[in-house]
Enquirer: 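Let me give you the structure first, and then I'll get to my questions.
Chain letters run A, B, ... following the sequence lines, proteins first and then strands; every chain starts at 1. Fair warning: this is a prediction, and the values are worked out from it, not measured in the lab.
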Protein chains: 2
Amino acid sequence: MATGRTHRPATRSRGIPEATVARLPLYLRALTALSERSVPTVSSEELAAAAGVNSAKLRKDFSYLGSYGTRGVGYDVEYLVYQISRELGLTQDWPVVIVGIGNLGAALANYGGFASRGFRVAALIDADPAMKGKPVAGMPVQHTDDLEKIISDNGVHIGVIATPAGAAQQVSERLIAAGVTSILNFAPTVLSVPDGVDVRKVDLSIELQILAFHEQRKAGEEAAAVAGAADDVVTPPPLRADTAAAAAAAAASRKGPDGDVPAVMPA
Amino acid sequence: MATGRTHRPATRSRGIPEATVARLPLYLRALTALSERSVPTVSSEELAAAAGVNSAKLRKDFSYLGSYGTRGVGYDVEYLVYQISRELGLTQDWPVVIVGIGNLGAALANYGGFASRGFRVAALIDADPAMKGKPVAGMPVQHTDDLEKIISDNGVHIGVIATPAGAAQQVSERLIAAGVTSILNFAPTVLSVPDGVDVRKVDLSIELQILAFHEQRKAGEEAAAVAGAADDVVTPPPLRADTAAAAAAAAASRKGPDGDVPAVMPA
DNA sequence: CCATCTTTGTGCACGCGTTCACAAAGGCAT
DNA sequence: ATGCCTTTGTGAACGCGTGCACAAAGATGG
Ligand SMILES: NC(=O)c1ccc[n+]([C@@H]2O[C@H](COP(=O)([O-])OP(=O)(O)OC[C@H]3O[C@@H](n4cnc5c(N)ncnc54)[C@H](O)[C@@H]3O)[C@@H](O)[C@H]2O)c1
Ligand SMILES: NC(=O)c1ccc[n+]([C@@H]2O[C@H](COP(=O)([O-])OP(=O)(O)OC[C@H]3O[C@@H](n4cnc5c(N)ncnc54)[C@H](O)[C@@H]3O)[C@@H](O)[C@H]2O)c1
């Protein structure tokens, strides 16, 4: 069981660093584009630019896969596409089920890029009886009652969860019990899964909050640059009296009227 | 313009490490749940479990914000919710525009959790004239012609791109020219943006490919454990003659009538 | 066959992030 | 008050990821 682990810490991908694995799809996408334009070879510099990374990083990444380049020339595009595809396991077919066919689930089901890389939507599953049999993306929605059978009949190892957060943990347990060992979770919850099961999450809200943090930071720096850096508004340093008071009020909302809690951020 | 940088390397969030910033929303979510259950205080151990992280990591993360805990007791839930919200900039309102109201864009527009943390969908924008004025999530879709005016009138700094990949770069340029400085990109492309602009990407296909890599790895290890670890199939080590031949054939798939081509993907 | 020029592959150093482990802090009971 | 017990906050060690810089490899032209 273990506590909700979010990424793949256990598997310890022998040899290839996790950071490299995460970039391989990026390289593959850039290479595919080159391949379509019939470009025969590409240098690490060019490919790195197309993938939006540093060329040294790219070369080091490729070095984990083997020596597939030719010095003085670059990399053979088609050959590299094949090698990366093989390394990522895209030379085989991966049946996938999507659970929770609401707004998001339906959009995912309709997503073309889904099938373009060896992933095949094997089934769409929803708990709503009214959805049963209803076609979404040209495929009938099936009921959760048949989840186990669907997973096992199709040899599914990868599941996508797009249910409300409250149902996600339970759905993940059923998926795992039925044989799924990799989950892509769109529900905003931490999933607790056994060792050996990989979970990756996509959380729109978290991404926006991270952007907001930096955005606020920019606004603060800008204000500090314009003004004499005396006023605060959003900067972390001290904290104005009224803001501190609000914080104190929130903190004291339970017990006595200890109206203290001065300027925070001591350490 | 710089090459497509993907994450926030420039901003150098003074003080708070990027990895910590990325976890703050996780803590906030867990704390909000506790708050709703009227739990007054929580220990680092409990909160860490709820957020799916290590308790030492959580304490260190909080130490960057300040000393908000009480030794022997734990953290005041309400107070911490306030502090993290403030740090993330969620105490203010963030108007957001979504560009590209197709399957995904519509799902995002309908997403309730969007507005729950200070983010407000200020406008939905699409290039399709047929979409103009059509209500999606109770809001009329506006045409791209008015993009600049919408951004400026609403003081939008955060934009979400859900257009096809081919249009993403151009859309990002218009957004940025109009004043957007943070972009959440759902299109599978590397965006080239000027310094000072943050881009975060959500790419379903990449996530699935990473899962496939580990899935393949699991299958390989399993097979190796069962069999005598002699056969390859997917293991990285050397490269057998026939495998190399297949690769070479794939590389030549463009010119000659080599009717093979493994499983490699096209699009 | 040799010289030159381009580009790979990688040794190395550095910085960030994670984790351990513990002293200090504070509540609480006596 | 005093001592015990819990939990925080953090110093320090470690490991991973990144980027530099360059020697080696190989293509290409003479
Ligand atoms: N829509 C988005 O843009 C978006 C963005 C980020 C995250 N999310 C998250 O994705 C999830 C789905 O979002 P949505 O907007 O599609 O919600 P939705 O309500 O439109 O769809 C949820 C679907 O899940 C089904 N469902 C409920 N319980 C189930 C169960 N136990 N087993 C199988 N199916 C079940 C429902 O019948 C419904 O069809 C939510 O957790 C949401 O927070 C959505
Ligand atoms: N649907 C998914 O689940 C999913 C998942 C991952 C990634 N994506 C990516 O998200 C993007 C959108 O996917 P989708 O399924 O919603 O596609 P879609 O074709 O349904 O929608 C695209 C929308 O963008 C609009 N558009 C096109 N060019 C535009 C422009 N220049 N300015 C403004 N709007 C423009 C179109 O009119 C259309 O409404 C694609 O890049 C896709 O690869 C989608």
Enquirer: How long is the line joining CG of Leu58(B) and P of dC20(C), in whole Å?
Expert: 14 Å
Enquirer: Rounded to whole Å, how long is the line connecting atom CZ of Phe62(B) with atom P of dT19(C)?
Expert: 16 Å
Enquirer: Round to a whole Å and report the spacing from OH of Tyr64(B) to C1' of dG9(D).
Expert: 12 Å
Enquirer: Would you check if the distance from the ring center of Phe62(A) to the ring center of Tyr75(A) is below 6.0 Å?
Expert: yes
Enquirer: Can you tell me which nucleotide in dC22(D), dG26(C), dG9(D) comes closest to the side chain of Ser63(B)?
Expert: dG9(D)
Enquirer: Whole angstrom is fine here: how far is it from CG in Asp76(A) over to C1' in dA27(D)?
Expert: 15 Å
Enquirer: Taking the side chain of Lys57(B) as its heavy atoms from C-beta onward, which of dT18(D), dT18(C), dG17(D) lies nearest to it?
Expert: dT18(C)
Enquirer: Are the side chain of Thr32(A) and the backbone N or O of Leu28(A) linked by a donor-acceptor pair below 3.5 Å?
Expert: yes
Enquirer: Rounded to the nearest Å, what distance is computed from the CG atom of residue Leu80(B) to the C1' atom of nucleotide dT8(D)?
Expert: 13 Å
Enquirer: If you find the nucleotide of DNA chain C closest to Ser67(A) and the one closest to Lys60(B), which residue's nucleotide is nearer the 5' end?
Expert: Ser67(A)
Enquirer: Asp61(A) CG to dG19(D) P: how many Å, rounded?
Expert: 11 Å
Enquirer: May I have the distance from Arg23(A) (atom CZ) to dG19(D) (atom P), rounded to whole angstrom?
Expert: 8 Å
Enquirer: In whole Å, I'd like the distance from the CD atom of Glu18(A) to the P atom of dT18(C).
Expert: 14 Å
Enquirer: Would you mind telling me which of dT8(C), dT10(D), dA27(D) lies closest to the side-chain atoms of Ser43(A)?
Expert: dT8(C)
Enquirer: Is any side-chain nitrogen or oxygen of Thr70(A) closer than 4.0 Å to OP1 or OP2 of dG26(D)?
Expert: no
Enquirer: Between Ala56(A) and Val73(A), just flag the one whose closest nucleotide in DNA chain D comes earlier from the 5' side.
Expert: Ala56(A)
Enquirer: Nearest-nucleotide wise, let me know which of Arg59(A) and Arg71(A) is further upstream toward the 5' end of DNA chain D.
Expert: Arg59(A)
Enquirer: I'd like to know if Arg217(B) and Glu87(A) make a salt bridge, using a cut-off of under 4.0 Å between side-chain N and carboxylate O.
Expert: yes
Enquirer: Tell me whether the OP1 or OP2 atom of dT8(D) has a side-chain N or O from Ser44(B) closer than 4.0 Å.
Expert: yes
Enquirer: Just checking Tyr75(A): base, sugar-phosphate only, or nothing, at a heavy-atom cut-off of under 4.0 Å?
Expert: sugar-phosphate
Enquirer: Let me see the working for Leu80(A) and Tyr27(A) under side chain to side chain contact (heavy atoms under 4.5 Å, CB included), right down to the final yes or no.
Expert: CA-CA 9 Å; Leu80(A) 204 47; Tyr27(A) 302 144; over 6 Å; no
Enquirer: Do other residues, nucleotides or ligands put more than 12 heavy atoms under 6.0 Å from the CD atom of Glu173(A)?
Expert: yes
Enquirer: Which listed nucleotide (dG9(D), dG17(C), dG19(D)) is nearest to the side chain of Asn54(A)?
Expert: dG19(D)
